[in-house]
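Read through the structure below, which is laid out as C-alpha coordinates, and then see the notes.
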Amino acid sequence: MPLLTRMLNAPLSIDVRRGAVAALGDLLADKRIATEGRVAIAVGPGQGDQIAEQVRPSLSACDVFQVEGGTVDAAVALAAKLRAGSYEAVVGIGGGRTIDATKYAATLSGIPMVSVATNLSHDGICSPVASLVHDSGKGSFGVVMPLAMIVDLDYVHAAPGRLIRAGIGDVLSNFSAVDDWVLASEQCGERIDRMALTVARTAAEALLHLPGSIEDDRFLTVLAESLVLSGMSMAFAGDSRPASGGDHEILHAIDQLYPDTANHGELAGIGAAFCYHLRATRLGAGGERLAEILDCLGRHGLPRLPGDIGLSAEQFTEAVLFAPQTRPGRYTILEYLNLDKGEARKAVDEYVQAHGG
(Lines give C-alpha, C1' and ligand atoms only; values in the text may rest on other atoms or scores of the structure.)
Protein backbone atom coordinates (compact mmCIF):
# COMPACT_ATOMS: atom_id res chain seq x y z
CA MET A 1 0.00 0.00 0.00
CA PRO A 2 1.52 3.42 -0.94
CA LEU A 3 2.78 5.55 1.94
CA LEU A 4 0.29 8.35 1.15
CA THR A 5 -2.58 5.88 1.38
CA ARG A 6 -1.23 4.64 4.70
CA MET A 7 -1.12 8.20 6.01
CA LEU A 8 -4.67 8.92 4.87
CA ASN A 9 -5.85 5.76 6.61
CA ALA A 10 -4.35 6.87 9.93
CA PRO A 11 -6.50 8.94 12.33
CA LEU A 12 -6.05 12.69 12.11
CA SER A 13 -6.17 13.03 15.91
CA ILE A 14 -6.09 10.66 18.89
CA ASP A 15 -6.87 12.02 22.35
CA VAL A 16 -6.81 9.70 25.39
CA ARG A 17 -7.12 11.37 28.80
CA ARG A 18 -9.55 12.49 31.46
CA GLY A 19 -11.77 15.30 30.24
CA ALA A 20 -11.00 14.54 26.59
CA VAL A 21 -14.64 14.95 25.50
CA ALA A 22 -14.39 18.65 26.30
CA ALA A 23 -11.94 18.94 23.41
CA LEU A 24 -14.44 17.60 20.85
CA GLY A 25 -15.79 21.06 20.06
CA ASP A 26 -12.27 22.37 19.50
CA LEU A 27 -11.42 19.44 17.26
CA LEU A 28 -14.44 20.04 15.03
CA ALA A 29 -14.03 23.82 15.12
CA ASP A 30 -10.53 23.79 13.61
CA LYS A 31 -12.04 23.23 10.12
CA ARG A 32 -10.01 20.12 9.31
CA ILE A 33 -13.08 17.91 9.60
CA ALA A 34 -16.13 20.17 9.26
CA THR A 35 -15.53 23.42 7.38
CA GLU A 36 -18.93 24.95 8.14
CA GLY A 37 -19.51 23.14 11.43
CA ARG A 38 -22.59 21.17 10.31
CA VAL A 39 -22.14 18.00 12.35
CA ALA A 40 -24.40 15.12 13.32
CA ILE A 41 -23.98 13.25 16.59
CA ALA A 42 -24.98 9.59 16.81
CA VAL A 43 -25.45 8.23 20.33
CA GLY A 44 -26.19 4.86 21.79
CA PRO A 45 -27.83 3.89 25.04
CA GLY A 46 -26.35 4.92 28.36
CA GLN A 47 -23.61 7.53 28.37
CA GLY A 48 -24.07 8.65 24.76
CA ASP A 49 -26.89 11.08 25.55
CA GLN A 50 -24.95 12.51 28.47
CA ILE A 51 -21.88 13.18 26.34
CA ALA A 52 -23.98 14.68 23.54
CA GLU A 53 -25.42 17.20 25.96
CA GLN A 54 -21.95 18.00 27.23
CA VAL A 55 -20.57 18.86 23.78
CA ARG A 56 -23.70 20.41 22.26
CA PRO A 57 -22.97 23.97 23.56
CA SER A 58 -19.64 24.01 21.74
CA LEU A 59 -21.18 22.88 18.43
CA SER A 60 -23.44 25.57 16.99
CA ALA A 61 -25.01 23.44 14.27
CA CYS A 62 -25.38 19.85 15.35
CA ASP A 63 -28.25 17.38 15.49
CA VAL A 64 -28.36 14.31 17.73
CA PHE A 65 -29.65 10.95 16.49
CA GLN A 66 -30.27 7.81 18.54
CA VAL A 67 -28.76 4.62 17.13
CA GLU A 68 -31.00 1.65 17.80
CA GLY A 69 -28.44 -1.12 18.27
CA GLY A 70 -25.54 -2.43 16.23
CA THR A 71 -27.50 -3.64 13.22
CA VAL A 72 -27.29 -3.09 9.49
CA ASP A 73 -30.83 -1.68 9.56
CA ALA A 74 -29.89 0.86 12.24
CA ALA A 75 -26.82 1.92 10.29
CA VAL A 76 -28.74 2.28 7.03
CA ALA A 77 -31.45 4.33 8.78
CA LEU A 78 -28.78 6.63 10.25
CA ALA A 79 -27.14 6.98 6.83
CA ALA A 80 -30.44 8.17 5.35
CA LYS A 81 -30.68 10.88 8.01
CA LEU A 82 -27.08 11.94 7.40
CA ARG A 83 -27.62 12.28 3.66
CA ALA A 84 -30.88 14.18 4.14
CA GLY A 85 -29.20 16.69 6.45
CA SER A 86 -26.16 17.36 4.25
CA TYR A 87 -23.84 16.95 7.21
CA GLU A 88 -20.09 17.42 6.86
CA ALA A 89 -19.20 14.85 9.52
CA VAL A 90 -20.76 12.54 12.08
CA VAL A 91 -19.59 11.88 15.63
CA GLY A 92 -20.32 8.40 16.98
CA ILE A 93 -20.52 8.32 20.78
CA GLY A 94 -20.85 5.10 22.75
CA GLY A 95 -19.65 1.52 22.85
CA GLY A 96 -18.64 -0.80 20.05
CA ARG A 97 -22.12 -1.36 18.62
CA THR A 98 -22.90 2.34 18.31
CA ILE A 99 -19.51 3.16 16.80
CA ASP A 100 -19.71 0.27 14.32
CA ALA A 101 -23.16 1.39 13.15
CA THR A 102 -21.94 4.98 12.84
CA LYS A 103 -18.85 3.96 10.87
CA TYR A 104 -21.02 2.06 8.40
CA ALA A 105 -23.50 4.96 8.12
CA ALA A 106 -20.66 7.45 7.56
CA THR A 107 -19.22 5.23 4.84
CA LEU A 108 -22.60 4.94 3.09
CA SER A 109 -22.99 8.73 3.33
CA GLY A 110 -19.49 9.56 2.15
CA ILE A 111 -18.63 11.77 5.12
CA PRO A 112 -15.87 11.54 7.78
CA MET A 113 -16.56 10.09 11.19
CA VAL A 114 -15.17 10.91 14.63
CA SER A 115 -15.17 8.09 17.18
CA VAL A 116 -15.83 8.89 20.86
CA ALA A 117 -15.49 5.66 22.82
CA THR A 118 -17.15 5.25 26.21
CA ASN A 119 -15.54 1.84 26.78
CA LEU A 120 -12.56 -0.11 25.48
CA SER A 121 -14.10 -3.51 24.78
CA HIS A 122 -12.53 -4.21 21.35
CA ASP A 123 -10.53 -2.71 18.49
CA GLY A 124 -13.67 -1.76 16.55
CA ILE A 125 -13.53 1.66 18.22
CA CYS A 126 -10.93 2.66 15.61
CA SER A 127 -10.78 0.19 12.73
CA PRO A 128 -11.82 -0.12 9.08
CA VAL A 129 -14.25 -2.93 9.95
CA ALA A 130 -17.81 -2.77 11.31
CA SER A 131 -19.37 -5.84 12.91
CA LEU A 132 -23.13 -5.60 12.47
CA VAL A 133 -26.13 -7.86 12.95
CA HIS A 134 -28.28 -8.65 9.90
CA ASP A 135 -31.05 -11.09 9.00
CA SER A 136 -28.63 -14.00 8.64
CA GLY A 137 -26.63 -13.34 11.81
CA LYS A 138 -23.60 -11.13 12.28
CA GLY A 139 -21.19 -10.02 9.57
CA SER A 140 -18.10 -7.87 9.13
CA PHE A 141 -18.25 -4.94 6.72
CA GLY A 142 -15.42 -2.84 5.34
CA VAL A 143 -15.78 0.82 6.30
CA VAL A 144 -13.71 3.99 6.32
CA MET A 145 -11.58 4.30 9.44
CA PRO A 146 -12.56 7.09 11.87
CA LEU A 147 -10.77 10.32 11.06
CA ALA A 148 -10.30 11.18 14.72
CA MET A 149 -10.54 9.27 17.98
CA ILE A 150 -11.39 10.46 21.48
CA VAL A 151 -11.27 8.34 24.64
CA ASP A 152 -12.34 10.14 27.80
CA LEU A 153 -11.02 8.13 30.73
CA ASP A 154 -13.69 9.55 33.05
CA TYR A 155 -16.36 7.80 31.00
CA VAL A 156 -14.28 4.64 30.60
CA HIS A 157 -13.94 4.33 34.38
CA ALA A 158 -17.74 4.53 34.64
CA ALA A 159 -18.27 1.68 32.15
CA PRO A 160 -18.76 -1.93 33.32
CA GLY A 161 -15.39 -3.47 34.18
CA ARG A 162 -16.14 -6.58 32.15
CA LEU A 163 -16.33 -4.52 28.95
CA ILE A 164 -12.98 -2.89 29.61
CA ARG A 165 -11.23 -6.17 30.41
CA ALA A 166 -12.61 -7.59 27.16
CA GLY A 167 -10.43 -5.16 25.22
CA ILE A 168 -7.37 -6.88 26.69
CA GLY A 169 -8.47 -10.22 25.25
CA ASP A 170 -9.09 -8.69 21.82
CA VAL A 171 -5.63 -7.11 21.67
CA LEU A 172 -3.87 -10.26 22.90
CA SER A 173 -5.49 -12.24 20.07
CA ASN A 174 -3.32 -10.25 17.65
CA PHE A 175 -0.46 -12.60 18.50
CA SER A 176 -2.42 -15.57 17.18
CA ALA A 177 -3.66 -13.65 14.11
CA VAL A 178 -0.14 -12.53 13.18
CA ASP A 179 1.26 -16.06 13.50
CA ASP A 180 -1.61 -17.35 11.36
CA TRP A 181 -0.77 -14.73 8.74
CA VAL A 182 2.86 -15.86 8.66
CA LEU A 183 1.68 -19.49 8.42
CA ALA A 184 -0.57 -18.60 5.47
CA SER A 185 2.38 -16.92 3.77
CA GLU A 186 4.57 -19.98 4.24
CA GLN A 187 1.95 -22.54 3.21
CA CYS A 188 -0.10 -20.65 0.61
CA GLY A 189 2.06 -17.76 -0.53
CA GLU A 190 -0.29 -15.19 0.99
CA ARG A 191 1.10 -11.66 0.82
CA ILE A 192 2.17 -10.16 4.14
CA ASP A 193 2.16 -6.44 4.82
CA ARG A 194 5.10 -6.08 7.21
CA MET A 195 3.97 -2.69 8.47
CA ALA A 196 0.55 -4.08 9.41
CA LEU A 197 2.10 -7.15 10.99
CA THR A 198 4.52 -5.08 13.09
CA VAL A 199 1.85 -2.65 14.28
CA ALA A 200 -0.51 -5.49 15.29
CA ARG A 201 2.21 -7.31 17.19
CA THR A 202 3.37 -4.09 18.87
CA ALA A 203 -0.17 -3.44 20.12
CA ALA A 204 -0.28 -6.85 21.82
CA GLU A 205 3.28 -6.65 23.20
CA ALA A 206 2.46 -3.34 24.87
CA LEU A 207 -0.19 -5.03 27.03
CA LEU A 208 1.23 -8.50 27.63
CA HIS A 209 3.37 -7.69 30.67
CA LEU A 210 2.06 -4.23 31.46
CA PRO A 211 1.71 -3.73 35.24
CA GLY A 212 -1.44 -2.30 36.71
CA SER A 213 -5.11 -2.90 36.05
CA ILE A 214 -8.16 -1.33 34.48
CA GLU A 215 -8.42 0.86 37.57
CA ASP A 216 -5.28 2.75 36.52
CA ASP A 217 -5.29 5.65 34.05
CA ARG A 218 -1.86 4.62 32.72
CA PHE A 219 -3.04 1.08 32.01
CA LEU A 220 -6.22 2.32 30.33
CA THR A 221 -4.21 4.73 28.19
CA VAL A 222 -1.99 1.92 26.93
CA LEU A 223 -5.04 -0.28 26.33
CA ALA A 224 -6.70 2.50 24.31
CA GLU A 225 -3.52 3.07 22.29
CA SER A 226 -3.18 -0.67 21.65
CA LEU A 227 -6.76 -0.89 20.39
CA VAL A 228 -6.09 2.06 18.07
CA LEU A 229 -2.87 0.45 16.81
CA SER A 230 -4.79 -2.77 16.17
CA GLY A 231 -7.32 -0.84 14.12
CA MET A 232 -4.55 0.91 12.20
CA SER A 233 -2.90 -2.43 11.40
CA MET A 234 -6.11 -3.49 9.65
CA ALA A 235 -6.21 -0.22 7.73
CA PHE A 236 -2.63 -0.78 6.57
CA ALA A 237 -3.38 -4.38 5.55
CA GLY A 238 -6.63 -3.49 3.80
CA ASP A 239 -8.55 -6.15 5.76
CA SER A 240 -8.77 -7.69 9.23
CA ARG A 241 -5.93 -10.18 8.66
CA PRO A 242 -3.44 -8.85 11.26
CA ALA A 243 -6.05 -8.91 14.03
CA SER A 244 -8.25 -11.86 13.12
CA GLY A 245 -7.04 -15.43 12.69
CA GLY A 246 -8.10 -18.83 14.01
CA ASP A 247 -8.84 -17.10 17.30
CA HIS A 248 -11.59 -15.02 15.69
CA GLU A 249 -12.85 -17.97 13.67
CA ILE A 250 -13.53 -19.72 16.98
CA LEU A 251 -15.06 -16.51 18.34
CA HIS A 252 -17.47 -16.20 15.42
CA ALA A 253 -18.34 -19.90 15.59
CA ILE A 254 -19.31 -19.58 19.26
CA ASP A 255 -21.33 -16.47 18.44
CA GLN A 256 -23.26 -18.37 15.79
CA LEU A 257 -23.68 -21.71 17.58
CA TYR A 258 -24.13 -20.42 21.12
CA PRO A 259 -25.24 -16.75 20.98
CA ASP A 260 -24.69 -14.46 23.96
CA THR A 261 -22.21 -16.86 25.56
CA ALA A 262 -19.60 -14.13 26.17
CA ASN A 263 -18.52 -10.85 24.67
CA HIS A 264 -16.17 -10.35 21.71
CA GLY A 265 -12.94 -9.77 23.61
CA GLU A 266 -13.52 -12.58 26.09
CA LEU A 267 -14.01 -15.05 23.24
CA ALA A 268 -11.00 -13.67 21.34
CA GLY A 269 -8.77 -14.30 24.34
CA ILE A 270 -9.93 -17.90 24.75
CA GLY A 271 -9.63 -18.47 21.00
CA ALA A 272 -6.06 -17.19 20.97
CA ALA A 273 -5.06 -19.34 23.94
CA PHE A 274 -6.53 -22.47 22.35
CA CYS A 275 -4.83 -21.78 19.02
CA TYR A 276 -1.50 -21.53 20.83
CA HIS A 277 -2.28 -24.80 22.61
CA LEU A 278 -2.65 -26.37 19.15
CA ARG A 279 0.66 -24.86 18.07
CA ALA A 280 2.43 -26.07 21.18
CA THR A 281 1.07 -29.64 21.09
CA ARG A 282 0.88 -30.22 17.33
CA LEU A 283 3.73 -28.09 15.98
CA GLY A 284 6.06 -27.99 18.96
CA ALA A 285 6.10 -24.19 18.97
CA GLY A 286 4.29 -21.42 20.81
CA GLY A 287 4.34 -22.91 24.29
CA GLU A 288 5.98 -19.86 25.85
CA ARG A 289 3.50 -17.51 24.19
CA LEU A 290 0.63 -19.70 25.41
CA ALA A 291 1.87 -19.39 29.00
CA GLU A 292 2.19 -15.61 28.65
CA ILE A 293 -1.32 -15.20 27.25
CA LEU A 294 -2.89 -17.45 29.88
CA ASP A 295 -1.07 -15.54 32.61
CA CYS A 296 -2.25 -12.19 31.26
CA LEU A 297 -5.85 -13.38 30.91
CA GLY A 298 -5.82 -14.74 34.44
CA ARG A 299 -4.19 -11.64 35.87
CA HIS A 300 -7.02 -9.48 34.55
CA GLY A 301 -9.86 -11.83 35.43
CA LEU A 302 -10.67 -12.88 31.87
CA PRO A 303 -12.02 -16.35 31.03
CA ARG A 304 -9.44 -18.90 29.88
CA LEU A 305 -11.38 -22.17 29.59
CA PRO A 306 -14.63 -23.22 27.90
CA GLY A 307 -16.21 -23.78 31.30
CA ASP A 308 -15.45 -20.19 32.28
CA ILE A 309 -17.99 -19.05 29.68
CA GLY A 310 -20.48 -21.84 30.34
CA LEU A 311 -19.51 -24.15 27.47
CA SER A 312 -18.87 -27.87 27.80
CA ALA A 313 -15.88 -29.52 26.14
CA GLU A 314 -18.28 -30.98 23.57
CA GLN A 315 -19.76 -27.57 22.74
CA PHE A 316 -16.33 -25.96 22.43
CA THR A 317 -15.26 -28.83 20.16
CA GLU A 318 -18.24 -28.17 17.90
CA ALA A 319 -17.21 -24.51 17.72
CA VAL A 320 -13.63 -25.44 16.80
CA LEU A 321 -14.90 -27.72 14.02
CA PHE A 322 -17.31 -25.09 12.69
CA ALA A 323 -14.82 -22.22 13.00
CA PRO A 324 -13.21 -22.44 9.51
CA GLN A 325 -16.62 -22.00 7.89
CA THR A 326 -16.97 -18.53 9.42
CA ARG A 327 -14.12 -17.10 7.34
CA PRO A 328 -14.02 -18.90 3.96
CA GLY A 329 -10.69 -18.38 2.26
CA ARG A 330 -8.80 -17.45 5.44
CA TYR A 331 -5.93 -19.80 6.24
CA THR A 332 -5.07 -20.31 9.92
CA ILE A 333 -3.73 -22.98 12.24
CA LEU A 334 -7.21 -24.54 12.12
CA GLU A 335 -7.13 -24.96 8.34
CA TYR A 336 -3.52 -26.18 8.49
CA LEU A 337 -4.27 -28.94 11.03
CA ASN A 338 -7.72 -29.76 9.58
CA LEU A 339 -8.74 -31.65 12.71
CA ASP A 340 -11.51 -34.23 12.53
CA LYS A 341 -14.04 -34.52 15.35
CA GLY A 342 -12.01 -37.01 17.37
CA GLU A 343 -8.81 -35.01 17.04
CA ALA A 344 -10.55 -31.76 17.92
CA ARG A 345 -12.18 -33.27 21.04
CA LYS A 346 -8.83 -34.70 22.12
CA ALA A 347 -7.19 -31.27 21.72
CA VAL A 348 -9.94 -29.58 23.75
CA ASP A 349 -9.72 -32.19 26.53
CA GLU A 350 -5.93 -31.79 26.64
CA TYR A 351 -6.28 -28.01 26.84
CA VAL A 352 -8.78 -28.17 29.70
CA GLN A 353 -6.77 -30.76 31.62
CA ALA A 354 -3.50 -28.89 31.19
CA HIS A 355 -4.79 -25.47 32.19
CA GLY A 356 -7.82 -26.14 34.36
CA GLY A 357 -5.98 -26.18 37.63
Side-chain angles (χ1 to χ4, degrees), residues 16-18 95-96 117-127 151-179 200-231 233 243-248 250-251 254-255 260-277 280 286-311 316 351-352 354-357:
V16 183
R17 58 185 169 89
R18 287 182 180 267
T118 57
N119 67 56
L120 300 173
S121 59
H122 59 74
D123 56 23
I125 60 175
C126 188
S127 77
V151 178
D152 191 318
L153 296 181
D154 290 321
Y155 287 96
V156 172
H157 278 295
R162 182 184 175 192
L163 292 181
I164 310 306
R165 287 190 291 270
I168 301 169
D170 201 23
V171 173
L172 290 180
S173 72
N174 285 8
F175 284 125
S176 176
V178 162
D179 281 350
R201 184 183 287 132
T202 299
E205 290 282 4
L207 277 182
L208 188 60
H209 300 295
L210 182 68
S213 71
I214 62 170
E215 304 300 323
D216 307 323
D217 281 4
R218 178 176 177 271
F219 185 90
L220 290 178
T221 298
V222 175
L223 173 57
E225 291 169 347
S226 292
L227 291 169
V228 171
L229 284 176
S230 187
S233 75
S244 175
D247 45 276
H248 273 55
I250 293 173
L251 178 164
I254 294 174
D255 266 346
D260 302 320
T261 298
N263 63 41
H264 182 99
E266 291 172 335
L267 296 178
I270 292 177
F274 182 73
C275 285
Y276 273 111
H277 169 76
E288 182 177 350
R289 182 67 80 198
L290 169 60
E292 291 176 323
I293 289 175
L294 287 172
D295 178 71
C296 188
L297 293 175
R299 193 166 69 248
H300 293 289
L302 283 158
R304 306 191 304 173
L305 302 169
D308 294 340
I309 56 173
L311 293 182
F316 194 78
Y351 175 70
V352 172
H355 307 293

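Counting begins at 1 with the first residue of the sequence. Please read all numbers here as calculations on a predicted model, not as lab measurements.
Between Arg18 and Asp152, none of the side-chain N atoms (NZ, or NE/NH1/NH2) sits under 4.0 Å from a carboxylate O, so this pair counts as no salt bridge. Taking the charged nitrogens against the carboxylate oxygens, Arg299 and Asp295 do have a contact shorter than 4.0 Å, which makes a salt bridge. A salt bridge does not link Glu266 to Arg165: none of the charged nitrogens lies less than 4.0 Å from a carboxylate oxygen.
His264 and His122 have tilted rings, their planes meeting at an angle from 30° to 60° on a 0 to 90° scale. In this pair, Phe274 and Tyr351 present their aromatic rings perpendicular. The plane angle is above 60°, beyond the 30 to 60° band.
In this structure, Leu267 and Asn263 have side chains that are not in contact, with every pair of non-hydrogen atoms separated by 4.5 Å or more.
Remark: Asp154 CG to Arg17 CZ distance equals 10.0 Å, nearest 0.5 Å. For the atom pair CG of Leu208 and CG of Asn174, the computed distance is 11.5 Å after rounding to the nearest 0.5 Å.
For the residue pair Leu229 and Ala203, the shortest heavy atom distance occurs at CB-CB, 3.8 Å. Closest of all the heavy-atom pairs between Leu220 and Ile164 is CD2-CG2, 3.5 Å. Cys275 approaches Ser176 most closely through the heavy-atom pair CB-OG, 3.6 Å.
Using a distance-only test at 3.5 Å, with no hydrogens or angles considered, no donor-acceptor pair links the side chain of Ser230 to the main chain of Ser226.
Between the side chains of Glu215 and His157, no donor-acceptor pair is found at a separation under 3.5 Å. Defined by atom type and a distance below 3.5 Å, a donor-acceptor pair is missing between the side-chain atoms of Asn119 and Tyr155.
Both tests pass for Arg289 against the ring of Phe175: distance under 6.0 Å to the centre and angle within 45° of the axis.
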